[in-house]
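This one's a predicted model, so the numbers in the text were calculated from it and none came from an experiment. By convention in this document, chain letters (A, B, ...) are assigned in the order of the sequence lines, proteins followed by strands, and residues within each chain are numbered from 1.
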Amino acid sequence: MIVPDNNVIVNEVEKLIEKYGSGRENLLPVLQDIQRKFGFISDFAMQEIAHKMNIHPVEVYGVVTFYSFLSTEPKGKYIIRLCKTISCDLAGKDAVANTLQRELGLKFGETSSDRKFTLEYCHCIGMCDQGPAMLINEQVYTKLTPSKVIEIIENLK
Amino acid sequence: MAINAMQNRAPVAQKPHKVEIKADADVGAYIDVEINGKGYTVPFGMTILEACRNNNIHIPSLCYHEDLCLAGACRVCVVEVEGMRTLQASCAYPITNKIKIWTTSERVRKARRHILDLLLSEHYGECYSCVRNNNCELQRLAKEYGVDFYRFGHIKEPRYEVDRSSYAIVRDMDKCVLCKRCVRTCIDLQEVGVLEATRRGYSTLISTFMDKPILDVICINCGQCINRCPTGALRAKDPSDEIWKAIDDPTKHVVIQTAPSIRAAIGEEFGLPPGHSMTGQMVTALRMIGFDRVFDTNFAADLTIMEEGTELLLRLKRKYLFGDPEVKLPQFTSCSPGWIKFIEHYYPEHLDYLSTCKSPQQMFGAIIKTFYAQEMQIDPANIVTVAVMPCTAKKFECNRPEMNASGYKDIDYGLTTRELAQMIKEAGIYLPELPKSYFDEPFGNASGAGLIFGATGGVMEAALRTVYEIVTGREVPFENLDITPCRGMDGVRQGSVILTDVKDEWRFLEGFEVKFMIAHGTSNARKVMEALIHGELDDYHFVEIMACPGGCIGGGGQPIPTSPEIRRKRAEAIYNEDKELPIRKSHENPHIKYIYEKFLVDGPCGHISHKLLHTHYVKRGKFIV
């Protein structure tokens, strides 16, 4: 992934602050939009947002690290998040997890060197009746089995 | 003035909860409550914790601190309120109707004990190897609740690395109990914004921006977080081992200087109540420890006043007599190293407003390694200068690369009040029982003006006493030399002095109103700077800023705990001692006269003093790479 130019971030932050307002209560939508656009929130972006919102960079960092779906490091094009909560676990999460690791050649928490895939766990995504479930970016996949996972990954590759 | 109306940057969620008193006849300003079966009348809107403490009912607390806004984070202060399903955090429960409270019921005791057990299960480390042994709030609570085993286990391996990057502050997050006092100190009280809770759940960690070492972020080293940390998670970097080594080395001439506010606070480390001045005893103790010379920083404070006062007069002259548009007024004081780093980070474009004077500590260091070395015929390479300061930022200041005007490191070690008390204890001395003695010559005398540097407003008062007299030849027109507008504990104070019947050389200042402003705590400094940017300080001439609430007496190196009451008492001790001193104006100090005759021969702000006693600042900015 190409690291975005700082000027691009400055312009983007300015645009978002104009859209949402500069009050500290608007921090989250701004962060979400930055995350969506660049795939991560760089330390420069955090400081720029803090500067424009008149808060401290560490406060922005605190919010970014609090939420699993915001990240401070570049991630892959496809972020695969497998639910690790109890219902999915009972429904066979482990087999799915093993298949994912084997197919992608990645461990949980890792990003592939071509920046195509990121594999991580997530907490409950509300699909407890259809587990095991996972998210690929914003798309939900349910009732997973190892063979289904192989098919999904093949389509993405 | 507009300063008060300025927008406040602190988070809304972290503001104290204020309950409006309704104009309701039934409610009124007071309310009857029942605490542990006994009736009390308490002000409407007061929290349960405050109400109980006012009535001598003990409720333990951990995250609550008088100086800080409410957090309700630790739940140690829970109580039972009739009609409530769950226990309530008493620090965050304002009393607004007639309620029945139980503070020590079985349910409450059990809950508190469980909370402590849970805190201890994640608290790595052993008390006897901790700097806060015997002065730790968690330890005290564990004792109070009779914790004699780890019900939920005890962490065996450290989870985090200790951050020793800073010159001033050591962070050991394994001892952190996540009370967020440091966060509230850094963000709300000081508005510096270095520390914040990051991550979530079990991984929650008080950290800096991008988890950088504290040296690399915009920390101003004020140490206020250390003063408020209930455990040993935050502490100052202790140089006492090196100092002991220097003392034990016969080839080294070890010189110590003690700041004005140490004497008013060090007694607290030996169990005395706040507000006891221990000047004489402290000097005796320092000699007993083995320091070769014991000097008073107040002397250097007098020197600072001569330099800073002259600098102010020169600026006034350049602006009002010569009409120089380049002159920056008001002039800001530069004694507080925390404030210096604050302005370097947050207002780097306004550094020209700062006085170029070094702080008294650094001035003294430069004088000791030049003038004193010369007089005593000692090679400055063999002189070790130690400064006892109420301050952790001084540890950073003495390590600034530009602080070597003498050709050597001006001050070798910065020691805090707490660390000095530790050294005194280690030497087997009980301070309060010692006989009194005096500081060493040739800097033995200091004026009361130098002494009051320790309290907020003191530098201003000391400077005015001298400046007024230089210009008019008379004493300041305040009863007993007490310039009362400079005193007190309000965040931002202001006043003015009118110069009348001036000496001929100062003719242009006839009828001139010198307007001054005083602020303490960097959140107030920020207000002043914003006002400066908005042009509201254009008609002001001198501004004193101290980074710590209360000035040096509330410094980050002072004994723990701190509170508004403790700081007020320490300030009182300083003002009382000033009152009793024979010399109360810097320019009347005979040693000051002597040094300007013998050494700094071209006078205040002359060539030699510029080389030795003045400095420059670094534009740091707030962006971190």
- Is it the backbone or the side chain of V217(B) that comes under 4.5 Å from a heavy atom of chain A, or both, or neither?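 Neither the backbone nor the side chain of V217(B) comes within 4.5 Å of chain A.
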- Query: Can you say whether I218(B) sits under 4.5 Å from chain A via the side chain, the backbone, both, or neither, judging by heavy atoms?
  - Reply: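 Interface part for I218(B): neither.
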Within 6.0 angstrom of [X] [atom1], more than 12 heavy atoms from elsewhere:
| X | atom1 | answer |
| --- | --- | --- |
| E151(A) | CD | no |
| K619(B) | NZ | no |
| K143(A) | NZ | no |
| E18(A) | CD | no |
| E25(A) | CD | yes |
| L118(B) | CG | yes |

- Task: Can you tell me which residue pairs pass the salt bridge (Lys or Arg N to Asp or Glu O under 4.0 Å) test with a partner in residues 36-50 of chain A, sequence neighbours excluded?
- Result: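 The answer is E12(A)-K37(A), D33(A)-R36(A), R36(A)-E138(A), E48(A)-K52(A).
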- Item | T198(B) to T65(A) - nearest heavy-atom pair and separation |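 Nearest pair, atom of T198(B) first, then T65(A): CB-OG1, 3.4 Å.
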- Which pair of heavy atoms, one from Q47(A) and one from K622(B), lies closest together, and at what distance?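 For Q47(A) versus K622(B), the nearest heavy atoms are OE1-O, 3.8 Å.
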- Message: If you take the centroid of each ring, where Trp contributes its six-membered ring, are H51(A) and F623(B) closer together than 6.0 Å?
- Response: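 Under 6.0 Å, so yes.
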- Would you call R199(B) and Y61(A) a side-chain contact if the rule is heavy atoms closer than 4.5 Å?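 Counting from C-beta outward, R199(B) and Y61(A) do come under 4.5 Å.
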- Flag side-chain contact, heavy atom, 4.5 Å: P57(A) against M210(B):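 Not touching, per the 4.5 Å side-chain cut-off.
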- Item | Atom pair CD (E191(B)) and NE2 (H56(A)), whose distance is rounded to the nearest 0.5 Å |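 Reported to 0.5 Å precision, the distance equals 6.0 Å.
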- Task: Mind ranking L205(B), V194(B), I624(B) by heavy-atom pairs under 4.5 Å with chain A and telling me who comes out on top?
- Result: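 Between L205(B), V194(B), I624(B), the count favours I624(B).
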